[in-house]
Amino acid sequence: MRHIISILIENEAGALSRVSGLFSARGYNIESLTVAPTQDPSLSRMTLVTSGSDEIIEQITKQLNKLIDVVKLIDLSESSHIERELMMVKVRAVNGAREEIKRLADIFRGKIIDVTPGTFVIEITGEKSKVDAFLSALAEDSIIEVVRTGASGISRGDRGLTL
Amino acid sequence: MELSGAEIVIQCLKDEGVEYIFGYPGGAVLHIYDALFRQEDVKHILVRHEQGATHAADGYARSTGKPGVVLVTSGPGATNAVTGIATAYMDSIPMVVLSGQVPLPVIGSDAFQECDTVGITRPCVKHNFLVKDVHKIAETIKKAFYIATTGRPGPVVVDIPKDITDPRVKIPYEYPRSVSLRSYHPSTKGHRWQIKKAVELLLSAKRPMVYSGGGVVLGNASDELTRLVDLLGFPITNTLMGLGAYPATGQHFVGMLGMHGTYEANMAMHDCDMLLAIGARFDDRVTGKIAEFCPYAKIVHIDVDPASISKTVRVDVPIVGEVASVLTDLCDMIQSGERRPDREALATWWDRISHWQKVDCLRFDRSGTVIKPQFVVEQLYEATHGDAFITSDVGQHQMWAAQFYKFDKPRRWINSGGLGTMGFGLPAAIGVKLAHPDSEVCCITGEASIQMCIQELATALQYRTPIKIVNLNNGYMGMVRQWQEFSYESRYSHSYLETIPDFVKLAEAYGHVGMRIEKAADVRPALEEALKLKDRTVFMDFLTDPTENVYPMIEAGKAHNDMRLSPGMIDARELA
Ligand SMILES: Cc1cc2nc3c(=O)[nH]c(=O)nc-3n(C[C@H](O)[C@H](O)[C@H](O)COP(=O)(O)OP(=O)(O)OC[C@H]3O[C@@H](n4cnc5c(N)ncnc54)[C@H](O)[C@@H]3O)c2cc1C
Ligand SMILES: Cc1ncc(C[n+]2csc(CCOP(=O)(O)OP(=O)(O)O)c2C)c(N)n1
Ligand SMILES: [Mg+2]
């Protein structure tokens with residue numbers, strides 16, 4: 001099953017490689033990983049999407065917790081949470097296709113953030129499924145390049161992953 | 001006090017109470033070596049290869065419970081140390097390794113003797129640090145010792161760039177009295193509710209079994225373990241790493257378990273209805289075929305590392321905590337309650353176990369003049385009154401040492417179990433002898449293993465650490481040969497060493513005493529003679545039966561009740 005794990009980790013050189021190294025050394029898979037400092041610059045927050053049986057996910061969370069740099073983590077999938085991913089996609093947009101693409105972007109609440117006579121860059125945020133859906137709605141031969149951040153997540157309600 | 005970075009490194013070791021540091025100099029650590037030269041509290045042991053430094057520090061740590069300390073230079077110094085760091089990591093041994101690094105401004109430029117030590121060692125350390133500021137040295141070293149020695153112990157590497165040890169830059173020094181890390185809080189006390197559940201399972205068991213491991217040794221919990229086992233009257237088996245935690249001559253001990261464990265221990269594992277696992281990690285050499293591991297048992301597991309629990313085998317009652325504390329709570333709870341173990345069921349269970357014991361699975365042929373390796377270990381056990389520290393290398397000789405030297409005390413059996421590092425035994429023995437100068441220290445080894453760190457014979461002479469080397473010389477990488485005999489139709493591919501040195505001359509060349517023993521009748525006299533040479537290192541080269549195999553054996557992927565016994569042994573299954 002797919003799991004989304006949020007991690008508070010010391011914002012130190014090498015902390016990220018401890019996490020990614022753990023995954024490769026133990027043969028766990030990573031679907032995506034995002035990381036950036038929090039409002040407290042000594043801490044980074046990481047969102048990691050992985051998949052595996054319950055046993056494997058249990059080992060993953062235990063092994064992550066064992067890393068000295070990991071301060072705290074939660075498996076967001078265990079309760080109700082919000083997930084967002086940001087994608088920027090550069091598409092060929094000429095003649096009649098320009099209107100068509102603009103309409104499509106509107107439907108997905110996307111924004112056109114760069115325009116040239118022949119291209120658009122569109123920004124889309126949402127859950128993975130929405131971002132995937134937008135991509136497949138675009139004509140395949142119109143896509144020039146795609147960049148996605150991978151999911152970041154936060155739990156619903158008043159609980160939070162804090163110190 | 002104003003000190004340079006190099007002086008701070010040494011002063012930290014003093015403040016940490018470090019007695020010995022095992023190392024080898026080089027460019028990046030010259031400032032530190034200079035600071036070492038100008039003091040006498042921390043004694044430096046100059047090894048002959050950095051691998052030897054790590055194993056010697058490791059032997060020191062295993063035999064004392066104190067962290068082993070290592071100092072190596074950058075690049076090749078650090079890479080040579082990696083095998084020893086990984087060895088310590090796999091067996092959870094507390095160790096602090098200080099490595100030199102190229103100066104900060106040239107890191108990343110492929111500078112002379114640069115390697116990414118933090119990157120290379122990351123997967124085989126508990127934690128590691130690159131210190132980037134002279135003001136951070138003391139704090140980092142304090143953290144390193146704290147992390148290495150608490151919770152589940154392990155090696156910690158501190159990588160120190162040369163420029164921050166510059167003797168011209170002096171800063172005020174103070175060693176932090178304590179340290180706390182917001183991201184690291186090892187558990188100590190077990191959860192009361194879980195302990196209660198465990199007590200219920202223990203007391204309702206009909207066929208209980210205690211399986212304890214290295215965690216009891218690491219956690220100094222032998223007394224607590226012995227108290228529990230004697231209180232309950234349950235049979236107990238130890239892993240290779242747990243030997244000595246419960247006395248091998250104790251009445252409830254049924255021998256080691258696993259691949260080369262005893263028939264009775266493995267059969268009892270298979271048939272038990274309740275398993276109490278204590279500080280053991282369900283290694284594949286222990287479990288055999290996972291799907292058929294303890295098929296009838298409810299399992300309780302005590303371990304300080306939550307990640308050890310339910311890693312390979314799912315357990316019913318996990319208890320996270322220090323063994324000593326949890327076992328004390330368990331005993332107290334049992335003793336303060338009314339209920340006692342089911343004596344009748346236990347008597348029936350022990351009756352079954354004693355049938356298995358009658359198979360006498362460790363029996364070997366004593367008739368010929370050729371030296372049987374088991375006989376040498378047995379004689380060594382008697383000649384040293386079972387009271388020596390025994391280090392070992394890796395192979396058949398290691399298994400025979402484990403089977404035939406009956407360890408009654410913890411920290412007496414020093415071997416590389418998890419990584420299985422050939423070359424461990426000799427340097428480890430030097431570390432043990434330094435820590436216990438008045439005790440007998442013997443290294444049981446094989447002619448292949450001993451050659452992997454043979455250069456440390458020079459270290460043994462330089463520091464006058466008289467050890468007794470018992471070389472079970474079968475002319476083969478015996479353990480490899482045995483697998484080839486069993487699984488590859490005796491195709492002995494590259495497991496025969498055609499050119500074995502004359503170990504007697506070799507020992508003499510290094511300034512030690514060499515002895516060659518070729519007949520069974522000479523074994524005991526030779527041992528006695530060697531043990532009399534109190535202040536000499538003696539290399540005893542026993543020419544042993546090259547065809548002998550280690551039995552019992554659970555071949556890879558087989559279950560506990562599917563053991564291969566020594567040929568010619570009465571069929572065990574008939575008896576049982
Ligand atoms: C050639 C060869 C053959 C081998 N054959 C066998 C064999 O037949 N049988 C066998 O048993 N092994 C054998 N081994 C060794 C095997 O590979 C493992 O090293 C060994 O089984 C692991 O022992 P352990 O489970 O006691 O764990 P250890 O590696 O000693 O781990 C200790 C466990 O205790 C925990 N712990 C540490 N400190 C504490 C504390 N204070 N409180 C609570 N928990 C703590 C740790 O978290 C860990 O889970 C063999 C090795 C070699 C090289
Ligand atoms: C560094 C290293 N290389 C290879 C091995 C694989 N190996 C395990 S046992 C063994 C043979 C050991 O031979 P010897 O030291 O003569 O011991 P014996 O089995 O004959 O008693 C080998 C090669 C190992 N454990 N360690
Ligand atoms: Mg051999």
Side-chain angles (χ1 to χ4, degrees), chain A residues 1 3 5-28 30 33 35 37-46 48 50 52-75 78 160-163, chain B residues 86 89-90 92 104 107-108 116-133 136 140 143-144 146-148 150-159 179-187 281-282 290 301 303-315 318 320:
Chain A
M1 216 184 70
H3 283 251
I5 299 171
S6 262
I7 307 165
L8 276 185
I9 188 164
E10 296 288 353
N11 184 11
E12 301 221 1
L16 178 61
S17 56
R18 289 182 206 280
V19 173
S20 58
L22 172 73
F23 274 70
S24 63
R26 294 192 182 263
Y28 307 140
I30 298 188
L33 181 122
V35 58
T38 63
Q39 79 282 12
D40 171 353
S42 71
L43 281 176
S44 291
R45 172 130 171 186
M46 204 178 263
L48 197 150
T50 180
S53 62
D54 289 352
E55 287 77 22
I56 288 178
I57 298 297
E58 182 181 329
Q59 263 300 305
I60 289 177
T61 53
K62 284 173 168 179
Q63 293 291 350
L64 282 169
N65 260 317
K66 207 170 134 176
L67 292 176
I68 307 286
D69 282 340
V70 169
V71 183
K72 243 184 187 178
L73 65 80
I74 72 167
D75 183 348
E78 279 173 354
L161 181 64
T162 48
L163 278 189
Chain B
Y89 179 68
M90 288 295 277
S92 307
L104 281 168
I107 285 183
D116 175 9
T117 302
V118 164
I120 287 174
T121 58
R122 188 180 302 121
C124 60
V125 293
K126 184 169 173 188
H127 197 57
N128 58 19
F129 298 94
L130 170 65
V131 194
K132 288 188 168 169
D133 179 351
K136 289 271 170 67
T140 309
K143 279 186 190 165
Y146 172 62
I147 293 170
T150 49
R152 179 177 183 168
V156 177
V157 169
V158 182
D159 202 23
V179 57
S180 86
L181 287 142
R182 62 180 170 185
S183 58
Y184 176 69
H185 310 280
S187 311
R281 58 184 176 83
F282 296 79
I290 292 277
H301 187 188
D303 204 291
V304 75
D305 177 6
S308 268
I309 298 177
S310 293
K311 182 167 66 176
T312 55
V313 171
R314 281 218 78 77
V315 307
V320 178

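Order of the sequence lines sets the chain letters (A, B, ...), proteins ahead of strands, with each chain counted from 1.
- Residue B:D305 holds its CG atom at 7.0 Å from CD of A:Q63, rounded to the nearest 0.5 Å.
- Among A:G14, A:S17, A:A25, the residue with the largest count of heavy-atom pairs under 4.5 Å with chain B is A:S17.
- Contact of A:L163 with chain B is made through the side chain alone, with heavy-atom distances under 4.5 Å.
- Contact of B:R182 with chain A is made through backbone and side chain together, with heavy-atom distances under 4.5 Å.
- In this structure, CZ on B:F129 lies 7.5 Å from CD1 on A:I68, to the nearest 0.5 angstrom.
- Heavy atoms of A:S24 lying under 4.5 Å from chain B are absent altogether.
- Nearest heavy atoms, B:P306 versus A:K62: O-NZ, 3.0 Å.
- When every heavy atom of A:E58 is checked against every heavy atom of B:S310, the shortest pair comes out as OE2-CB, 3.9 Å.
- B:R122 CZ to A:L22 CG: the interatomic distance, rounded to the nearest 0.5 Å, is 11.0 Å.
- The candidate with the highest count of non-hydrogen atom pairs below 4.5 Å against chain B, out of A:Q59, A:R18, A:K66, is A:R18.
- Contacts between B:I309 and chain A at a heavy-atom distance below 4.5 Å involve backbone atoms as well as side-chain atoms.
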